[in-house]
4 protein chains.
Amino acid sequence: MYTHCFVKDYTWCMTSKVRRRVHTGRKRNDAARRAILDSAANLLASAEGAAVGIDTIAAVAGVSKRTIYRWWPSKGAVLLEAMVDRAKELAPATDTGSLAGDLRAFLTATFRSARQPQNAALLRNAMAESLKDAAAAQALHTFTADRRAVLHGILSGARERGELAPDADLDLTVDQAYGVLWYRLLIGHAALTPNAAVKLAAALARQVSPR
Amino acid sequence: MYTHCFVKDYTWCMTSKVRRRVHTGRKRNDAARRAILDSAANLLASAEGAAVGIDTIAAVAGVSKRTIYRWWPSKGAVLLEAMVDRAKELAPATDTGSLAGDLRAFLTATFRSARQPQNAALLRNAMAESLKDAAAAQALHTFTADRRAVLHGILSGARERGELAPDADLDLTVDQAYGVLWYRLLIGHAALTPNAAVKLAAALARQVSPR
Amino acid sequence: MYTHCFVKDYTWCMTSKVRRRVHTGRKRNDAARRAILDSAANLLASAEGAAVGIDTIAAVAGVSKRTIYRWWPSKGAVLLEAMVDRAKELAPATDTGSLAGDLRAFLTATFRSARQPQNAALLRNAMAESLKDAAAAQALHTFTADRRAVLHGILSGARERGELAPDADLDLTVDQAYGVLWYRLLIGHAALTPNAAVKLAAALARQVSPR
Amino acid sequence: MYTHCFVKDYTWCMTSKVRRRVHTGRKRNDAARRAILDSAANLLASAEGAAVGIDTIAAVAGVSKRTIYRWWPSKGAVLLEAMVDRAKELAPATDTGSLAGDLRAFLTATFRSARQPQNAALLRNAMAESLKDAAAAQALHTFTADRRAVLHGILSGARERGELAPDADLDLTVDQAYGVLWYRLLIGHAALTPNAAVKLAAALARQVSPR
DNA sequence: CGATAAGCGAGACGGTACGTCTCGTCTTTGA
DNA sequence: TCAAAGACGAGACGTACCGTCTCGCTTATCG
């Protein structure tokens, strides 16, 4: 008598030539995997405050929900993997010859990246998911551990140059840096300006330097 | 027509003498307001990772959903106000005579408070809501601004004692402190130990000191 | 976190082997459709004056609300379709050889059916929904049009036997019959007795007969 | 922190000089009673399919809900009393000297009145309430009984003129007339045209006439 | 080379929460 | 001293989203 109330229209966010993927039969279709991650990352980056839904991810990727859940345990897991995947290019660790220089270069680059609206949305949404979803939390934990390791490497690399006080707590220093980043990102009371990165680098360099 | 056999059992978290509130007629029932905020805060503090639902808040408070939505615009707004309300006692700013001492006292107390499982859950859940709900975000913004102001006061209070470098960026220093707090709270990779508080206080004091 | 002790007890009206439906995956689950319509019809037929709620329909059918709203636009639409569905057997049009006989047979059967408490409740509730819900009104319109068509057929079938005055207004005659039915059903001042059916049949036959 | 979400604006339907009733202490109620009934009747007559709410009635009448519930047991009771009150002028029983003439006059007037959009809405809404509310049902029962009594009087008045078959079932005849009225009103498949009234009057007159 | 296994798109489904709505009861407060 | 104002408890409504399921198709792999 009645047929099918409720439909949806996702065309608004299908950015590109998504459709028409080839069917790879029995083995995992990597194009689908990419489409899913791209879809998720794009939605994460675009959604102002709107939550990103699985149906939306699937529709935008031109993929069935089943295909998503075959490979990821939960929505958060997809989103986080998408975030990590997208954030691959965030991490240059340069060597300028001095700790202060290395720190300034790294934090400036990191802040600049995190300040881009898309990346900011990505990170905020990733945190939101992580707070609700255990798998996402795990992924975010791994991701941030990687980032901390890079910064930790920069710091401990200064030891052989004698730029490090022997009792410096590098973990704490690292957390100060990323703490400022995430705190400003999540609360939004102050911007991640280049100036802030420079000042923070100087302050941290001084903090860990001998005497 | 059908027999109505209890909807849920919320007795486990009805901490006190909630029931039997009097009807205050035309004016807002402040007992109901308190019951709602207490209910929300208790649930926020208890729920491990489980989301706190409006129906649960209402049921625990012995209040109708309508009464909640009459006064708050969204779930997040209630939760945040509850959090802020509960966190009223978090904020002692003591005067020990020296910046290092003040900082150590303040951060130690703050970390200790935030480390308590209930408060930690409170803050984590508050952030989760804030990332999804504009009203909650606003409330969290106000709350954190208050906290930052306290710490900022401690720092700037040291100026007249000559303990402050003239070019110290106090906002950045404040953000480092709360950054570490929130970062560790949200990521969970390291605990907010008293030791960390002490070290952080020392580091920040040194950061802002002259020379 | 909290113990979940049964929401309601709807067993009283789960007439049959409702539970344990198989999941039909991609295509519409006709068992669910049947369960919904049966649930709705049973509730319509049983509820004295109590309104039938969507949650109740869903619970009795062992179906989620969403599944109902996927296929029907509103509560009224479900109820009406259920009513129409249930009323499928109301309609015998017999041929006794004379208009008076046909009318008597049809009206007697119709009145008898409508007089059954369950069917009476069904029709009353259907009308109540129809007065509040456009989709339900449409469905009731279609249903009653069908019924009128049957009676109209009986009447016009008498023309070739010369039992009909050429200027007889058959639509009006039909409306008199169903008018009495609904009027007594809705107001409840008089019963739809077999005697009334017989007298009405005689009166209408005389009304339309030549001379 | 937050104040008062949800308010409403009823100004759209405050037709006239409703406001500013004087407040003279004790025996003020009759003006309020009139305002309530007028408000209810106007809303019943105007609302297309939209349900008429108690808050709306109260707001439009410039009266508090409490005042309504002080005198009526339920919403339906108010609406029905308003309907009956408004329908006072529906009932002329004229004497044309013949049964056929009396019937034609009465049914024509009745149909014309019921055909007016406002009265039609009034009656439809009244029936809708009556099907959900016992007090309203009682009121509608009384109202329709009055109307039937008038028509019944017209019919039985013909007995002494010898225009009535001795075995005529006048109750059934009355129900045929009002049945057509309500059936067409509620289903809406055919209009209550003057022509229909004339034909119906003739048919019923013939039906009850001797032989 | 044919049979079987698995990936995939589609989309229905159960569950659960949300925020809105209306009803009828209640107390305060303004006139 | 009454009634307007309006807060409140109860509970239904229709929507949203998650994660599971089945279907029917397609392609790769194994016997």
Side-chain angles (χ1 to χ4, degrees), chain A residues 4-8 21-29 32 51-56 58-59 61-76 133, chain B residues 7 21-29 32 51-56 58 62-71 73-75, chain C residues 7 21-29 32 51-56 58 62-71 73-75, chain D residues 4-8 21-29 32 51-56 58-59 61-70 72-75 133:
Chain A
H4 232 204
C5 319
F6 292 152
V7 219
K8 286 229 184 172
R21 215 176 307 104
V22 286
H23 204 323
T24 59
R26 185 177 179 176
K27 63 156 64 121
R28 176 166 190 182
N29 190 335
V52 179
I54 273 287
D55 297 81
T56 312
V63 140
S64 104
K65 278 201 292 180
R66 190 66 217 269
T67 301
I68 296 181
Y69 281 107
R70 201 190 321 279
W71 302 107
W72 288 274
S74 69
K75 184 181 71 156
D133 184 286
Chain B
V7 182
R21 215 177 309 107
V22 289
H23 204 326
T24 59
R26 178 179 184 175
K27 65 154 67 113
R28 178 167 188 182
N29 191 334
V52 179
I54 273 287
D55 296 81
T56 310
V63 139
S64 101
K65 266 201 299 182
R66 188 62 219 269
T67 299
I68 297 179
Y69 282 109
R70 199 191 321 282
W71 300 107
S74 68
K75 186 179 68 157
Chain C
V7 181
R21 217 176 307 107
V22 288
H23 205 326
T24 58
R26 177 181 186 176
K27 63 156 66 112
R28 177 167 190 182
N29 190 336
V52 179
I54 274 285
D55 296 82
T56 311
V63 140
S64 100
K65 267 202 296 183
R66 190 61 219 268
T67 299
I68 296 180
Y69 283 108
R70 198 191 320 282
W71 300 108
S74 69
K75 185 180 68 156
Chain D
H4 231 204
C5 320
F6 291 154
V7 218
K8 286 232 183 170
R21 214 176 312 101
V22 277
H23 192 301
T24 27
R26 189 140 188 175
K27 207 56 183 171
R28 195 56 40 232
N29 41 20
V52 179
I54 273 286
D55 296 80
T56 312
V63 139
S64 100
K65 280 202 292 179
R66 190 66 216 271
T67 302
I68 297 180
Y69 281 108
R70 205 189 318 281
W72 287 274
S74 70
K75 184 181 73 158
D133 184 286

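All of these numbers come straight from a predicted model, not from anything done at the bench. Here is the naming used below: chain letters follow the sequence lines, and residue numbers restart at 1 for every chain.
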Can you tell me if B:Trp71 touches the phosphate of F:dC8, counting only side-chain N or O atoms and a distance under 4.0 Å to OP1 or OP2?
yes

Measure CD1/A:Ile54 against C1'/E:dG15 and give the value in whole Å, please.
17 Å

C:His23 (side chain) and E:dG14 (base): donor-acceptor pair under 3.5 Å:
no

Roughly, in whole Å, what's the span from CG in C:Asp55 to P in F:dC13?
6 Å

B:Tyr69 vs E:dT20: side-chain N/O to OP1/OP2 distance below 4.0 Å:
no

Is D:Thr67 close enough to F:dA3 that one of its side-chain N or O atoms is under 4.0 Å from OP1 or OP2 there?
no

Length of the line joining A:Arg70:CZ and F:dC21:C1', which is rounded to integer Å
12 Å

OG of B:Ser74 to CD1 of B:Ile68: how many Å apart, nearest 0.5 Å?
11.5 Å

Among F:dA4, F:dC8, E:dC13, which nucleotide sits nearest the side chain of D:Ser64?
F:dA4

Students should find that the end-to-end axis angle of the helix from E:dC1-F:dG31 to E:dA31-F:dT1, with five pairs defining each axis and rounding to 10 degrees, is 10°

Between F:dC8 (P) and B:Ile68 (CD1): distance, integer Å
11 Å

Within the pair A:Lys27 and F:dT29, is there a side-chain N or O less than 4.0 Å away from OP1 or OP2?
yes

C:Arg28 CZ to E:dC13 P, in whole Å, measures 7 Å

Okay, side chain of C:Asn29, backbone of C:Val22: is any donor-acceptor separation there less than 3.5 Å?
yes

Backbone of A:Asp133 reached by a side-chain donor or acceptor of A:Lys75 within 3.5 Å:
no

Under 4.0 Å between a side-chain N/O of A:Thr24 and OP1 or OP2 of F:dT27, yes or no?
no

Upstream residue (5' side of DNA chain E) when C:Ala32 and B:Lys75 are each assigned their closest nucleotide
C:Ala32

Short side-chain to backbone donor-acceptor contact, A:Arg21 and A:Gly62, under 3.5 Å
yes

Restricting to non-hydrogen atoms, name the atom on D:Ser64 and the atom on D:Ala58 that form the minimum distance, rounded to 0.1 Å.
C-CB, 4.2 Å

Let's test your reading of the model: under 3.5 Å, does the base of F:dG9 pair with the side chain of B:Lys65 as donor and acceptor?
no

State whether B:Arg21 places a side-chain N or O below 4.0 Å from either non-bridging phosphate oxygen (OP1 or OP2) of F:dC8.
no

Counting only side-chain N and O atoms of A:Arg66, is one of them less than 4.0 Å from OP1 or OP2 of E:dA10?
no

